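Below is one structure, written out as structure tokens; comments come after it.
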There are 2 protein chains.
Amino acid sequence: MLRLSKLADYATVLLVHLGRHEGLATAAALAVETGVPEPTVAKLLKGLASNGLVLSHRGARGGYRLSGELEKVTVAAVIAAVDGPIAITACCDGRECEHSSLCGLSGQWDVVNDAILSTLNSITLADMGRHAERLTRRSPASAPVAPVGTEKSSIADAVS
Amino acid sequence: MLRLSKLADYATVLLVHLGRHEGLATAAALAVETGVPEPTVAKLLKGLASNGLVLSHRGARGGYRLSGELEKVTVAAVIAAVDGPIAITACCDGRECEHSSLCGLSGQWDVVNDAILSTLNSITLADMGRHAERLTRRSPASAPVAPVGTEKSSIADAVS
DNA sequence: TAATTCAAGACTTGAGAAGTCCTGATTTGT
DNA sequence: ACAAATCAGGACTTCTCAAGTCTTGAATTA
């Protein structure tokens, strides 16, 4: 379904939030402010800390803060930190696939993957946070119309 | 994990295969030729037929064939046909998300989603099939190096 | 020393992808 | 007309993995 994991989504929300925060923020506070369940926030931040995207400080008055600036962190970096290397198929990135001798695609998914990767590398957390000061919701009129992918019918609906 | 479903992967393989086929090909034959399990092939082709990507012909000597040309079918169309509309998050494409009042991202994932969508719309099945006449495997030296997403560490590895 | 907060990992749960199977309809060839 | 081949449609089962929870321990502050 080419779906992003919720964890990566949450992480983006948390990081944008952290970027606007003064000083340190505790996991508990972030949970309240973002609506993400606290245990999940804690789990995510620990991971992000070990990946260097946030800095942690233990003890009373401790908490987390961004290690860099929102402008310097790409969406690709966040996704990779949470979910591991971005690979849309199992046989991307040099990994062998079981059907490689038959499938006839030998490595072409890499091309697609790299295209997506460079797209994600061009979008920063600062971009994600922009216009976020309550527009309620982007107006339907200004929504870009995608040529494909917005249609109703699908095998998923029809078959399973 | 931003992963494509296996079904969409299989469908791409099957369609590229069909595109090179003379006349009709049965589901059973395609299963043998591609290495994809036969029931899965049957399921996929039925769905692709009802979406108009392939044409079916019943009865003895029946089978499937592409309804168009490989050059005219985009990867986005295949994915959408198999998995439904491409939406990397639950709140893409106008759908409401439960935390919209808190998350502070209001609709920014749409920007990312549209970027990915246009990427996928620019790649056809003909592109996917190119260089596929047995290169064994793309040589490591020519592999594009992605700035992010190929690194080893991840929360997924470290935490779960 | 006590309270606070992060660190690390094991564990449970649930959704949904993936795959299988059955029954029926349609077409072809004998 | 009949039998064989093949797709159509759907129900069903299985299994993986994301998602979320909980526990114990270490570090820091006041």
Side-chain angles (χ1 to χ4, degrees), chain A residues 1-11 14 18 23-31 35-52 54-65 79 82-84 87-90 98-99 153-160, chain B residues 1-11 14 18 23-31 35-52 54-65 79 82-84 87-90 98-99 153-160:
Chain A
M1 204 192 283
L2 204 68
R3 174 139 304 181
L4 198 62
S5 72
K6 282 190 187 177
L7 257 31
D9 186 358
Y10 291 162
L14 291 173
L18 262 186
L24 296 171
T26 67
L30 281 172
V36 178
E38 201 205 307
T40 302
V41 172
K43 179 179 182 174
L44 273 171
L45 287 173
K46 277 181 283 189
L48 292 171
S50 70
N51 269 273
V54 302
L55 296 178
S56 64
H57 201 63
R58 293 211 251 195
R61 295 294 197 88
Y64 294 93
R65 66 180 177 83
I79 296 173
V82 174
D83 289 335
I88 60 171
T89 64
E98 60 239 72
H99 303 304
S153 68
S154 74
I155 295 182
D157 297 337
V159 167
S160 72
Chain B
M1 204 193 285
L2 204 67
R3 175 141 302 181
L4 199 61
S5 71
K6 282 190 187 177
L7 256 31
D9 185 359
Y10 291 162
L14 291 173
L18 263 185
L24 296 171
T26 67
L30 281 172
V36 178
E38 201 205 308
T40 302
V41 172
K43 179 178 183 173
L44 273 171
L45 288 174
K46 276 182 283 190
L48 293 171
S50 71
N51 268 273
V54 301
L55 297 178
S56 64
H57 201 63
R58 292 211 251 194
R61 295 294 198 89
Y64 295 94
R65 66 181 178 81
I79 296 174
V82 174
D83 290 334
I88 60 171
T89 64
E98 61 240 70
H99 302 306
S153 68
S154 76
I155 295 182
D157 297 337
V159 167
S160 70

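In this text, all values refer to a predicted model and were calculated from it rather than measured experimentally. We name chains A, B, ... by the order of the sequence lines, and we start the count at 1 in each one. Atoms considered below: every heavy atom in the structure, side chains included; atoms not considered: hydrogens, waters and symmetry mates.
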Rounding to an integer number of Å, can you tell me how far [X] [atom1] sits from [N] [atom2]?
X	N	atom1	atom2	result
A:Leu18	C:dC6	CG	C1'	14 Å
B:Leu24	C:dT26	CG	C1'	14 Å
A:Lys6	C:dA15	NZ	C1'	9 Å
A:Leu48	C:dA8	CG	P	13 Å
B:Glu38	D:dC7	CD	C1'	12 Å
B:Leu55	D:dA8	CG	P	10 Å
A:Leu44	C:dA8	CG	P	15 Å
A:Tyr64	C:dC6	OH	P	5 Å

Considering only heavy atoms from C-beta outward, does the side chain of [X] approach that of [Y] to under 4.5 Å?
X	Y	value
A:Asn51	A:Val82	no
B:Val54	B:Leu14	no
B:Leu30	B:Val36	no
A:Leu4	A:Ile79	yes

Between B:Gly63 and A:Leu4, name the one whose nearest nucleotide on DNA chain D is closer to the 5' end. B:Gly63
Have a look at A:Ala27 and say if it touches a base, only the backbone sugar-phosphate, or nothing, with a 4.0 Å heavy-atom cut-off. sugar-phosphate
Looking at the side chain of A:Ser5, which of D:dA19, C:dT20, C:dA7 is the nearest nucleotide? D:dA19
Reading nucleotides 22-30 of chain D from the 5' end, what letters show protein touch, with B for base, S for backbone sugar-phosphate only, - for no heavy atom under 4.0 Å? ---BBBBS-
B:Ala31 to B:Glu38 - nearest heavy-atom pair and separation: CB-CA, 3.6 Å
For [X] and [N], is the shortest distance between a side-chain N/O and OP1 or OP2 below 4.0 Å?
X	N	value
A:Thr26	C:dC6	no
B:Tyr10	C:dG19	yes
A:Ser50	C:dA8	no

Using 0.5 Å steps for rounding, measure from the CG atom of B:Leu24 to the CZ atom of B:Arg65. 7.0 Å
Is it true that the side chains of A:Asp9 and B:Thr89 contain a donor and an acceptor less than 3.5 Å apart? no
